[in-house]
Every structure is written in structure tokens, then in C-alpha cells.
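Note: hydrogens, waters and symmetry copies are ignored here, and every other heavy atom, side chains too, is used. Just so it is clear: chains get the letters A, B, ... in the order the sequence lines come, proteins before strands, and each one is counted from 1.
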Amino acid sequence: MGGMVDSTGFCAPSTGNIVKGNALHWFRHGLRLHDNPALNHAVCRCVEGSSASGRLFCLFVVDRSRFELPRDEAHNVRMSAARHRFLHDCLRDLDDSLRQRGSRLIVALGDPVKVIPQLLTEWRIGVLTYEKDVAPYSMERDALVNKFAMEQGVEVYVQHSKTLYDLDMLKDKSGGRIPLTYNGFQKLTAQAGRVAKPVALPEGPIPGPDENLISEEHKQWIDTNEYVANTPLLFPGGETEALKRLETSLSDPKWVANFEKPKTSPNSLDPSTTVLSPYLAMGCLSPKVFWHRLADIYARHPKHSVPPVSLHGQLLFREYFHAVGYTTDNFGRMEGNAICKQIPWDRNDELLDAWEYSRTGYPFIDAIMAQLRMEGWIHHLARHAVACFLTRGDLWQSWEQGASVFEKYLLDGDWSLNISNWLWLSSSAFFYQYFRVYSPISFGKKTDPNGDYIRKYLPVLKNMPHKYIYEPWTAPKEVQMRAGCVIGKDYPMPIVDHAVASKQNMQKMKVAYEIQANRISSNSKKKGNSKSGDPPIKRRRL
DNA sequence: CATCAGTTGTTACG
DNA sequence: CGTAACAACTGATG
Ligand SMILES: Cc1cc2nc3c(=O)[nH]c(=O)nc-3n(C[C@H](O)[C@H](O)[C@H](O)COP(=O)(O)OP(=O)(O)OC[C@H]3O[C@@H](n4cnc5c(N)ncnc54)[C@H](O)[C@@H]3O)c2cc1C
């Protein structure tokens, strides 16, 4: 029990006690041993140092206040049980892999800003290493930890291994302003040169911590089975699983070479894309490894697809959105976000709940949300359909609300990517053709005319004839009775008339865009320099 | 200032 | 099944 932290504050360290060769690698994302430059640095430090007594402490800090317990079914849980399970899988897998090298993972509970300083002192750490993370919460937290470490004379070593390129380098290369189009961004990456090769973890044993550092809390957390029980095991977490899934995804080189994202199906019964996203989000898979494996396949298939539709193109979208998220103030919200259209969304919790809990009365939408809640992954175009429906298409609710629901359930929930895509779908940034609206009835029919996807995720409709399954309220009463699903009783009536609402919303978008265009032109008249000191942008009501 | 391209819209009509 | 009409946006480019 010796090494446990009691989170009551930190004790003053005795600086002289630092052991240079002692390294603490702090896992947050980047939950892998391959292509993990910060971890490599820590390993090298403790095996090579002239102080032969160096040890590597691999740590993950579980901050329960950030993601509540999975049993808590309360409305405001931040992470679904499936997300918990995924994280738990990741940590167990890391622990297993580290044990094969004679080390182990240590799990501590508490607020990292308190826990890390305590452990730096207690374990007499000489160097702290971790992967850079650009979400605002992480940046704030890391700044506090860095400050403490510096004061104590602990070296801090940080690497941008979450992305293909170092985001600070892209930021500098673009003069601080990442282009606001995908094409422009592609040119920037072309200037930035080739994607670097991944780095391998040094061979050989890693000198780990003493067994007595393993606390009861740690054991309870890492050994628990409670996450495994109630969630389907479609996508087990962890680096091992990630590398396995990479191999299966690449096993058909023709499929890889011909991949065109817009042609993949949102409602197939098995995923039509790789589902590597959860592994990339948690860092179980290195994007550089994925990138170079694709490049190898492209080299052997000269007629391969190209960005934006190719798989390389998908990774570039990911890169693009991370870069924009990193360099845009207030990126996670509408107010004060310079690249976000200011749109007077409504706030109606009944509509929002109906959307989240599959009660909109549109089977395609409700089935997608059911898959999201149960399995934690939905296809990109399925995300389009439900995001459009919630925002500019039908319900006129804020994309911020939608993003936080997604964040709760998505195994691949990733701050910059989630926000960026919600901005895109709501026509708030990146994409402005708001007159292109997905139909909650027609869109799914193209790839699943029989409605098998709906039958799978909304069993109450499983006997509805295909003719009516996308709009069951149009089925004659007898048909509903025979199908065992009476609309208004067993399954809700539509909460909104899509034909009417989408037309109205299109007009509201037009007005919101006009107001913004006028305000910007009058602003720039007032002060020639629009860059400095933007006035706070106020929410407007129509 | 005009033109063009933009991963992934829908519906009606021939 | 392919194509035009629908209503008409933006950022980049010249
Ligand atoms: C409203 C909305 C919210 C989203 N939120 C997230 C999120 O929180 N986390 C997330 O990873 N993706 C998010 N996406 C993007 C995209 O839907 C998923 O990345 C993709 O569906 C993951 O499936 P895949 O791994 O099979 O993708 P593949 O088609 O196999 O693509 C390979 C990889 O490229 C990356 N990628 C693909 N598309 C995108 C994209 N549009 N934006 C960014 N990266 C992309 C992913 O890392 C993905 O794993 C969101 C999309 C929408 C419309």
C-alpha cells in the first residue's frame, strides 16, 4: 500500500532527492507502446543513464470526477459504460504488455493536478514524459503539472504523437492561421513534407517499480469486471486489439486502394469502414503507422483512390480538424468562436431527449441513436443524418448539445474531431451549403431499402413491411396491428414534420447568415483591422 | 469583383 | 437510370 496518494494536498519535496534516471511516463491518451516517442525517451533515460538505478514508472490517473461511475444512470453521466469498458480494456492491455517487459502500469485515482506532483516527489522522478494533448481541459491541466515539475527541477518531455505532424510546426508554417478549407490544409501538409516514420520501443527489459507501490485502489480498478458484464464486446479496447484490427482492415488491399468514403454505407449491419477510430482516439494505434501501411498498399496499386475520399484522405481530415481545434479560441462553443456562424438555436430539452433516446418517430434516426447508445460507434454518414436532424435540418437545437451527447457515447469521442464535425454538419463552419438537407426518410433507403438496419436496432419495428418501415405512421391501422407495432402506442408519432421544419429552418439559416454578413461588414468598416479585439458576439433571437 | 469548387441532398421528370 | 431544378452558401483565386 506504501505508494498510494491520499489526495489531501501535496507535501513539499526535497529537491536534492531527485534520482536522475527515474522516469515517470504519464499515459493519458497515447495508450500504446509502439510509436510512442515520449515513452521511448523515458525508457532510454532509465536504462542508459550513468545512474544505473533508474526506474520507469508508467502511470495512468483515473479522475472519477471527470467521468462518473458507469452505474450512475443519471442523465448527466459523462461517459457511457461502453466507454468505461473501452478505457479499462486499454489499461489492462497496457499492463499486460508492460509486464512482458518486466514492468507494469500503475493506476492512481484522483485529480492529476494533485496526484502527479505527489508522485513526482514520492518516487524521486528526474524526468516526466507524456504525449501532447490539445483539448482545452488537457492543456490547462498539463500547464499546472508542468509548472510544478519545473519548480522542482524535474525535466518535462512532451511529444506530439497523436497526429501525423507536430501541430506546433503546422501552426508556425501557416503563420498561426490554419487554412479554413481542406484543400488549403492539404497544401500546408504538402509543404510540411512527408509524414515521419513511426519509432519503435527499444528492445529489452524495462526496470519497473516495486510491487509494494501497487495500491488496493489500483488493484480494484484494474481487476474489476464490472465494465465487461453489461456491454457488448464488439470493439474491445487496447493496443493489441488495435494492431489486430489494423491487420484485418488492410487484409484486402484492393478494398483499401479503392476506398471511397462517400460510397460506404451508413446502415449496413456490419461496419462498412475500418472502425479504427476508437483506437486512434485513445492512441492505441499510431496514425503514422496507419498512414505508412496505407502508403505501402498505394505503392503497389497505382490506381488507388486519393484524398479527400481515400483512407489517406480520412487521416488528413483528422489532422486538419486537430490542427484547427488547436489554433482556434473557444473552438468548443459558438459564442466567441471566430470561425463559427452565430445561429439562434432553440433550447428544448424534450426534443433533445427524444433525439438522444430514440423517440423522434423517424425510425432511421432512432435506430442510429440506438446503435450509438448500445455500441458506441456509428458510421460517418449516420452521424451526418442524426446531426443534421438535430440542428439545421429538423429540431433546430444547438450543435453544442449534440456534441456533448456524442461525447458521452462515442468510443472514438475526440474533442477536436467531434466539435469540427458538428460545426460542419450544422453549417456553422467548413461547410455552408445549408440547403442540402438529409431526409430522415429517404437517405437510409438508398443503401438499405428493406430496412434491416432499423429492424436490428429498433426491434419493435421488426415486422413492419419494408414499404412503411421508414415512415411507419403512413401504414394503415391493420398493417400496424399485424406488425405488432401501433404508431402512437408502441412507437411514437414523428415529433416534427420534416417537410415543413426543414423548409422553415432553411429560411432561418438564410437569415442568420445574412445578419452575420452584415455585422462583419459593418465591423470592418468601423475598425479597419478586424483581427484584433473582436467584440464579444452576442446571441440573437429571431 | 467574378468565378469556381466544394467527400457524403432531394425530388421530379424524362 | 441519369439529369436538371431546387435555393443559393462560402473561401480561395485571379
Ligand atoms: C457529428 C459528427 C461527430 C463526429 N465525432 C467524431 C469523434 O468524436 N471522433 C472521431 O474520431 N470521429 C468523429 N467523427 C468523424 C467520423 O465520423 C469518424 O471518424 C468515422 O466514422 C470513424 O469510423 P472509421 O474509423 O471506420 O473511419 P474510416 O473511414 O475508416 O477512416 C479512418 C480514420 O480517419 C479518421 N476520420 C475519418 N473521417 C473523419 C472525419 N470526418 N473527421 C475526423 N477524422 C476522421 C478517423 O480517425 C478514422 O478512424 C464525427 C463525425 C460527425 C459527422
Side-chain angles (χ1 to χ4, degrees), chain A residues 174-175 177-188 190-191 258-268 271-274 277 304-321 324 328 337-343 362 364-365 368 378-389 391-394 417 420-449 470-471 497-521 524 530-531:
Chain A
S174 68
R177 298 213 290 180
I178 300 292
L180 286 175
T181 61
Y182 182 81
N183 269 335
F185 181 76
Q186 245 191 297
K187 283 178 192 150
L188 179 65
Q191 279 174 40
N258 296 328
F259 184 92
E260 290 182 45
K261 184 66 164 271
K263 292 190 179 158
T264 58
S265 168
N267 48 5
S268 50
S272 62
T273 53
T274 65
S277 51
H304 64 85
S305 60
V306 294
V309 298
S310 63
L311 278 168
H312 262 182
Q314 305 310 299
L315 286 176
L316 286 174
F317 269 111
R318 177 178 182 273
E319 196 76 5
Y320 175 37
F321 292 148
V324 179
T328 308
N337 179 343
I339 71 165
C340 178
K341 291 280 182 204
Q342 304 297 304
I343 297 168
Y362 286 95
F364 181 56
I365 300 298
I368 293 168
I378 52 180
H379 183 274
H380 183 55
L381 293 177
R383 300 181 199 205
H384 275 224
V386 296
C388 182
F389 187 87
T391 57
R392 66 188 169 87
D394 296 83
L417 309 187
S420 298
N421 280 285
W422 275 97
L423 287 169
W424 185 296
L425 261 296
S426 61
S427 299
S428 298
F430 307 116
F431 173 88
Y432 305 97
Q433 289 157 279
Y434 59 76
F435 36 84
R436 292 192 183 171
V437 176
Y438 289 93
S439 162
I441 298 159
S442 319
F443 184 62
K445 285 185 186 170
K446 287 194 288 191
T447 40
D448 179 23
Y470 282 88
E471 36 193 340
D497 181 337
H498 172 71
V500 174
S502 60
K503 266 216 190 78
Q504 283 175 353
N505 291 346
M506 228 180 262
Q507 287 314 301
K508 290 198 225 169
M509 289 298 288
K510 186 182 155 75
V511 172
Y513 272 36
E514 273 168 13
I515 289 173
Q516 176 137 4
N518 292 337
R519 199 187 45 231
I520 285 172
S521 67
S524 56
S530 62
K531 259 188 277 176

Quick one: label [X] by what it contacts on the DNA or RNA (base, sugar-phosphate, nothing), any heavy atom closer than 4.0 Å.
{"X": "A:Tyr434", "result": "sugar-phosphate"}
{"X": "A:Lys263", "result": "nothing"}
{"X": "A:Leu381", "result": "base"}
{"X": "A:Lys341", "result": "sugar-phosphate"}
{"X": "A:Lys187", "result": "sugar-phosphate"}
{"X": "A:Gln314", "result": "base"}

Please pick, from [options], the nucleotide with the shortest atom-to-atom distance to any side-chain atom of [X].
{"X": "A:Pro262", "options": "B:dT8, B:dT10, C:dC9", "answer": "B:dT8"}
{"X": "A:Leu180", "options": "B:dT10, C:dA12, C:dA8", "answer": "C:dA12"}
{"X": "A:Arg436", "options": "C:dC9, B:dG9, C:dA12", "answer": "B:dG9"}
{"X": "A:Phe435", "options": "B:dT8, C:dC9, C:dG11", "answer": "C:dC9"}
{"X": "A:Lys510", "options": "C:dA8, C:dT10, B:dT8", "answer": "C:dA8"}

Round to a whole Å and report the spacing from [atom1] of [X] to [atom2] of [N].
{"X": "A:Arg392", "N": "B:dT10", "atom1": "CZ", "atom2": "C1'", "value": "13 Å"}
{"X": "A:Met509", "N": "C:dT10", "atom1": "CE", "atom2": "C1'", "value": "12 Å"}
{"X": "A:Phe431", "N": "C:dT10", "atom1": "CZ", "atom2": "P", "value": "13 Å"}
{"X": "A:Asn183", "N": "C:dG11", "atom1": "CG", "atom2": "P", "value": "15 Å"}
{"X": "A:Tyr432", "N": "C:dA8", "atom1": "OH", "atom2": "P", "value": "18 Å"}
{"X": "A:Glu471", "N": "B:dT11", "atom1": "CD", "atom2": "C1'", "value": "14 Å"}
{"X": "A:Phe430", "N": "B:dT8", "atom1": "CZ", "atom2": "P", "value": "17 Å"}
{"X": "A:Lys503", "N": "C:dA8", "atom1": "NZ", "atom2": "C1'", "value": "16 Å"}

*asked:* Tell me whether A:Lys341 forms a cation-pi arrangement with A:Tyr513, defined as NZ or CZ under 6.0 Å from the six-membered ring centre and within 45 degrees of its axis.
replied: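 Relative to the ring axis of A:Tyr513, which defines the angle, A:Lys341 lies inside both limits.
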*Spacing of A:Ile368 atom CD1 and A:Ile378 atom CD1 [to the nearest 0.5 Å]*: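 If we round to the nearest 0.5 Å, A:Ile368:CD1 and A:Ile378:CD1 are 6.5 Å apart.
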*Quote, to the nearest angstrom, the P distance that separates C:dA7 from B:dG6.*
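Here C:dA7 and B:dG6 have their P atoms 25 Å from each other.
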*Taking atom types as modelled, is there a side-chain donor on A:His379 or A:Thr264 under 3.5 Å from an acceptor on the other?*
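Distance-only check passes for A:His379 and A:Thr264.
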*Go through the side-chain N and O atoms of A:Tyr438 and A:His384 and say whether any donor and acceptor fall under 3.5 Å apart.*
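Yes, a side-chain donor-acceptor pair sits under 3.5 Å.
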*Side-chain contact, heavy-atom cut-off 4.5 Å: A:Gln186 with A:Pro307?*
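A:Gln186 reaches A:Pro307 side chain to side chain.
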_Presence of A:Lys446 side-chain N/O under 4.0 Å of B:dT10 phosphate oxygens OP1/OP2_ =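 Answer yes for this pair, as a side-chain N or O of A:Lys446 is under 4.0 Å from OP1 or OP2.
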*Under 4.0 Å between a side-chain N/O of A:Ser442 and OP1 or OP2 of B:dT11, yes or no?*
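So the side-chain polar atoms of A:Ser442 do come within 4.0 Å of the phosphate oxygens OP1 or OP2 of B:dT11, strictly under.
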_Aromatic ring proximity A:Phe430/A:Tyr320, centre distance under 6.0 Å_ =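 Ring centroids of A:Phe430 and A:Tyr320 are less than 6.0 Å from each other.
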*Identify the nucleotide, in any strand shown, that forms a Watson-Crick or G-U wobble pair with B:dG9, with both distances under 3.5 Å; if there is none, say none.*
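Paired with B:dG9, as far as the under-3.5 Å criterion goes, is C:dC6.
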